[in-house]
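Here's the structure we're looking at; comments come further down.
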Amino acid sequence: MSEKWINDAGHGGSDPGAVAKGNTEKVYTLEAELYVHKRLKDHGINSDVTRTSDVTLDENPRVNRVKSYKYCLSHHFNAGGGNGAEFIHSIYSDGKFEKMIADEFKKADYPLRPKTNYTRKGSNGQDYYYMHRRTGACRTTIIEYDFVDGDNSEKIKDKKYREGMYECVIKAVCKQEGKSYKPLNQPKPKQKEPAKGLYKVQVGAFSLKGNAEKLAVELEKKGYKTYTVHD
């Protein structure tokens, strides 16, 4: 396996995730997964996905798919009436990467939760979320982009608004991988157009034919090939 990153579209199929005010989480998570996957490929970063369509993906097949990779981005949208993005990491992770994502969101003026980067421990002392607890050595980041029922519920209906958040994730991954970030739809350098018109080289113009012939003889003695044209 050459891929290093895997993108996980949360929920799917019979599990719609959070649904409110015309927003459906499973639709946005699949969009986010496929978008980030493609953009990582554009940057030469190896990537894979957990699903490519609206299918049900239960816990066991999901974690079994993810655990063989080094990094996982698990894409989600929140619910509960809050506002802003948050990034959840394992209790065994230092959270530095999640802070990098948060910094990019902040630079792009996307709202963040008061507690932006955090981890959550279960009653057994292990990770609360199974995407952290059951994915082995894979470093999984759960991304909660915003709340489908919150103050920005209308904003997140705008695809360009959502894609701007996804680009923040791309920027963070590029920094993690030491890659130069390529803005979306970056214009290609313009090719220089060939100069128009004719190129001419001449060494003399005379009204008398004899003068032209005399110069031609002198040039041929010096090794130059000549010809005479009468306009």
Side-chain angles (χ1 to χ4, degrees), residues 4-12 15-20 23 25-26 28-33 35-36 40 47 50 57 59 62-63 65-67 69-153 155-156 161-177:
K4 190 175 183 180
W5 293 79
I6 186 165
N7 286 276
D8 170 48
H11 309 283
D15 175 12
V19 180
N23 297 306
E25 183 178 8
K26 72 172 184 177
Y28 294 160
T29 60
L30 180 60
E31 173 191 75
E33 175 212 58
Y35 184 100
V36 173
L40 291 182
S47 173
T50 55
L57 190 60
E59 180 177 332
R62 191 185 297 270
V63 297
R65 181 104 173 93
V66 167
K67 66 171 51 175
Y69 292 80
K70 188 171 183 179
Y71 305 115
C72 172
L73 300 169
S74 188
H75 303 274
H76 291 265
F77 279 74
N78 226 328
N83 179 49
E86 59 187 4
F87 314 101
I88 311 165
H89 60 88
S90 168
I91 60 175
Y92 301 107
S93 173
D94 58 16
K96 289 182 179 179
F97 174 68
E98 288 72 22
K99 185 179 184 305
M100 288 167 61
I101 306 177
D103 288 344
E104 295 300 333
F105 269 67
K106 186 175 182 180
K107 288 177 190 175
D109 290 326
Y110 280 103
L112 295 168
R113 297 285 287 157
K115 190 177 181 181
T116 308
N117 309 312
Y118 67 93
T119 186
R120 187 174 177 185
K121 190 177 288 189
S123 58
N124 61 356
Q126 297 300 308
D127 276 301
Y128 176 83
Y129 297 102
Y130 75 79
M131 285 298 291
H132 293 138
R133 188 177 66 254
R134 297 194 57 204
T135 49
C138 179
R139 192 200 64 194
T140 298
T141 299
I142 297 175
I143 302 170
E144 296 278 6
Y145 287 99
D146 209 334
F147 286 71
V148 298
D149 57 352
D151 294 341
N152 295 318
S153 61
K155 284 186 178 181
I156 64 175
Y161 184 85
R162 299 193 302 271
E163 288 179 348
M165 292 191 286
Y166 309 154
E167 283 295 314
C168 292
V169 177
I170 299 299
K171 290 178 182 178
V173 174
C174 284
K175 286 184 177 180
Q176 175 75 17
E177 291 290 318

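Not measured: the values here are computed from a predicted model. Residue numbers count from 1 along this sequence.
Put simply, OH on Tyr69 and NZ on Lys4 are 14.0 Å apart, with the number rounded to the nearest 0.5 Å. In this structure, the separation between OG on Ser123 and CD on Gln126 is 10.5 Å, given to the nearest 0.5 Å. The SG atom of Cys168 lies 12.5 Å from the CE atom of Met100; values are rounded to the nearest 0.5 Å. The OG1 atom of Thr141 sits 5.0 Å away from the CZ atom of Phe97 when rounded to the nearest 0.5 Å. Atoms NZ and OG1, from Lys70 and Thr140 in turn, are 13.5 Å apart once rounded to the nearest 0.5 Å. Between Lys175 atom NZ and Ile101 atom CD1 the span is 11.5 Å, to the nearest 0.5 Å.
For the residue pair Lys67 and Gly136, the shortest heavy atom distance occurs at CB-N, 4.5 Å. Smallest separation of non-hydrogen atoms from Gln176 and Arg139: NE2-NH1, 3.6 Å. Of all the heavy atoms in Asn7 and Glu33, the pair that sits closest is O-OE2, 3.1 Å. Closest approach of Asp94 and His89 over heavy atoms only: C-CE1, 4.3 Å. Between His132 and Ile88, the shortest heavy-atom contact is NE2-O, 3.2 Å. Nearest heavy atom pair, residue Asp149 against residue Ala20, reads CB-CB, 3.6 Å.
Contact annotation: the side chain of Asn23 never approaches that of Phe77 to less than 4.5 Å [non-hydrogen atoms, C-beta and beyond]. Side chains of Val173 and Leu73 form a contact here, defined as non-hydrogen atoms less than 4.5 Å apart. No side-chain heavy atom of Asp146 sits under 4.5 Å from any side-chain heavy atom of Tyr28. With a 4.5 Å cut-off on side-chain heavy atoms, Met131 and Val63 count as touching. Side-chain contact between Asp8 and Arg62 is present, with heavy atoms from C-beta onward closer than 4.5 Å.
Remark: the backbone N or O of Val148 is not paired with any side-chain donor or acceptor of Glu25 at under 3.5 angstrom. Remark: the backbone N or O of Gly150 is not paired with any side-chain donor or acceptor of Asn83 at under 3.5 angstrom. Put simply, the side chain of Thr119 gets close to the backbone of Ile91: a donor and an acceptor are under 3.5 Å apart. At distances below 3.5 Å, not a single donor-acceptor pair connects side-chain atoms of Arg133 with backbone N or O atoms of Ser90. Of the possible polar contacts, none joining the Asp127 side chain to the Lys121 backbone as a donor-acceptor pair under 3.5 Å is found.
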Go through it in stages, so that I can follow the logic: the residues are Tyr35 and His75, the test is side-chain contact (heavy atoms from CB on, under 4.5 Å), and I'd like the CA-CA distance, side-chain angles, deciding distance and then a yes or no.
CA-CA 11 Å; Tyr35 184 100; His75 303 274; over 6 Å; no
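The salt bridge (Lys or Arg N to Asp or Glu O under 4.0 Å) test applied to Arg162 returns Glu31, not counting sequence neighbours. Partners of Lys99 according to the salt bridge (Lys or Arg N to Asp or Glu O under 4.0 Å) rule, which considers only residues two or more places apart in sequence or in another chain, are Asp103.
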In residues 105-118, what donor-acceptor pairs under 3.5 Å come from side-chain atoms, sequence neighbours left out?
residue : atom : partner : partner atom : Å
Tyr110  : OH   : Tyr161  : O            : 2.7
Tyr110  : OH   : Met165  : N            : 3.4
Thr116  : OG1  : Arg113  : O            : 2.6

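The number of heavy atoms from other shown groups lying within 6.0 Å of OH (Tyr129) is above 12.
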